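The structure under discussion appears below in the form of structure tokens.
When reading the values below, keep in mind they use all heavy atoms of this one structure, side chains included, and skip hydrogens, waters and symmetry mates. Keep in mind it's a predicted model, so treat the numbers as computed, not measured.
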Amino acid sequence: MLRFNCQTSAICLLLLSGALPALASNGDRTQFFHNCRQNCERTNCSADGLEIQEQAINFYGQTIFDRIFGWSCADECSYGCMWRTVFAFLERGWPIPQFYGKWPFLRLFGMQEPASVIFSVLNFVMHLRLLRKFRREVRSDSPCYKLAHIFGLTCLNGWVWSAIFHTRDFPLTELLDYAFAYSIILCSLYCMVMRMLHRYSLFLRGVITLAVVSYYINYFAYLSVGKFNYSFNMKVNIATGVLAAVGWFVWCHRVRYRRPYYKRILRFYVLFALAMSLELLDFPPILWILDAHSLWHLATVPLVSLYYDFMIEDCQTLRKEKAMTEAYPYFDKDI
């Protein structure tokens, strides 16, 4: 690790205790953290804070993964001083502080939040495997075949950026993670609407598709400009997700006697809502690795199969009904 040429321990802790009453949960704003980081950068870093002075550290504290993921000297100072601040809080029995809006995480192989990265990768792998399963079991001429691919590819893209963001938190990776995470939720709403309208004209479906794409581009541009509004983004995500869930619940109620496999999509949304409740349990990371957000990512891994199993059986059923309609024009069409 870097050499921290901080003031004496007594002085640093005095400064820390003076800042605590007003900023008990903001570790990065304590005077202790601020002084520690300043002294570390002055002692160990180049003028721009990027390079580690060879005579001071000689890269002994950095692994090859740290260098690959772009941990600069200033980043190393922030990371080391973060743990000094955490231990100072713990020694005095004070609550574990957050830094820049996040809990302190133990870095592993250069990853800032290793558990969230691993679970994001697991979600990606699960979507990839199930999309392949869908392609094996569903014929390409089945209704809603392309719709399932749109959903699968959107999810794959979203989980890639989730893994990248949790590996290294930069403004750009944060933007792409939030924007593409919303694309998954919006896509679930779009798929619900298109599933209900799959028998309607191509023109109507095309207009709706164009409207959804235009809306998403506009929302992406909104997120990209100015200061990121976390509260507004969360409200939009929740509202979009609720609309999708309500739409599927109405559909399930209407077809409950004709399509027994409706239970899969119903279970998916109920269990997904329960999994999302983990986000409300904001607690310090277990073993400095597992937090509520990472556990939410873990909880979504086994749920994905419910969605794909529903799409597989639904597409197979729709294809049979399409064949019956072609053979018998007066066949009772279902939704």
Side-chain angles (χ1 to χ4, degrees), residues 116 118-163 180-199 205 209 212 216 237 240-256 258-276 278 295-323 334-335:
S116 291
I118 293 170
F119 299 150
S120 294
V121 172
L122 286 178
N123 274 281
F124 177 89
V125 172
M126 184 64 74
H127 276 279
L128 185 62
R129 290 183 60 185
L130 290 171
L131 186 58
R132 288 175 175 173
K133 177 184 177 182
F134 177 88
R135 292 172 64 88
R136 287 195 305 268
E137 299 187 13
V138 178
R139 288 180 47 166
S140 60
D141 60 346
S142 301
C144 299
Y145 180 85
K146 294 180 179 178
L147 198 61
H149 283 73
I150 292 173
F151 174 78
L153 294 175
T154 301
C155 291
L156 289 173
N157 178 66
W159 286 114
V160 165
W161 288 106
S162 174
F180 290 128
Y182 180 62
S183 73
I184 295 176
I185 299 175
L186 182 63
C187 186
S188 68
L189 174 62
Y190 169 77
C191 289
M192 181 273 295
V193 174
M194 289 296 102
R195 169 60 183 83
M196 309 311 162
L197 302 178
H198 77 98
R199 296 185 187 276
R205 287 178 286 147
T209 300
V212 172
Y216 179 71
N237 275 263
T240 305
V242 168
L243 282 175
V246 169
W248 279 118
F249 291 161
V250 171
W251 181 85
C252 289
H253 178 74
R254 294 184 62 186
V255 303
R256 63 189 184 281
R258 300 188 295 275
R259 300 185 185 276
Y261 58 88
Y262 80 89
K263 295 178 181 178
R264 291 196 177 99
I265 195 69
L266 186 63
R267 288 195 199 104
F268 172 80
Y269 274 99
V270 171
L271 293 175
F272 187 81
L274 293 175
M276 276 198 69
L278 286 169
L295 291 177
W296 172 58
H297 282 345
L298 176 62
T300 59
V301 175
L303 300 183
V304 180
S305 61
L306 288 172
Y307 200 101
Y308 280 89
D309 287 343
F310 165 79
M311 291 194 296
I312 289 172
E313 189 162 0
D314 191 47
C315 286
Q316 290 173 340
T317 302
L318 290 176
R319 184 180 177 281
K320 292 177 183 177
E321 292 175 354
K322 179 182 177 182
D334 200 359
I335 58 174

With a 6.0 Å cut-off on ring centres, are Trp251 and Tyr269 close enough?
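Ring centres of Tyr269 and Trp251 not closer than 6.0 Å.
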Kindly state whether the ring of Tyr307 and the ring of Phe151 have centres lying under 6.0 angstrom apart.
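So the answer is yes for these two rings.
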Below 4.5 Å, heavy atoms only, C-beta onward: do [X] and [Y] meet side chain to side chain?
X	Y	answer
Met194	Thr209	yes
Arg199	Glu321	yes
Val242	Val246	yes
Lys322	Leu318	no
Lys133	Arg129	no
Trp159	Thr300	yes
Leu274	Leu271	yes

Is Arg195 salt-bridged to Asp314, going by a charged N under 4.0 Å from an acidic O?
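Counted as a salt bridge, because a side-chain N and a carboxylate O are separated by less than 4.0 Å.
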Closest non-hydrogen atom pair, [X] against [Y]:
X	Y	result
Ala275	Ala299	CB-CB, 3.8 Å
Met126	Val304	CG-CB, 3.9 Å
His297	Phe119	CB-CB, 3.7 Å
Leu186	Thr240	CA-CG2, 3.8 Å
Ile185	Gly241	CG2-N, 3.5 Å

Of Lys263, Arg259, Arg264, which is the lone residue that meets side-chain hydrogen bond (donor to acceptor under 3.5 Å, both in side chains) with Tyr261?
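The passing option is Arg259.
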Angle between ring planes, Phe134 versus His149, binned at 30° and 60°: parallel, tilted or perpendicular?
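If you compare the ring of Phe134 with that of His149, the planes turn out perpendicular.
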Backbone N/O of [Y] and side chain of [X]: donor-acceptor pair under 3.5 Å:
X	Y	value
Glu313	Pro260	no
Ser183	Phe180	yes
Arg319	Gln316	no

By the definition side chain to side chain contact (heavy atoms under 4.5 Å, CB included), identify the one residue from Phe310, Tyr262, Phe268 that meets it with Trp248.
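That would be Phe310.
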Under 3.5 Å, is there a donor-acceptor pair linking the side chains of Tyr308 and His127?
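Yes, side-chain donor-acceptor contact under 3.5 Å.
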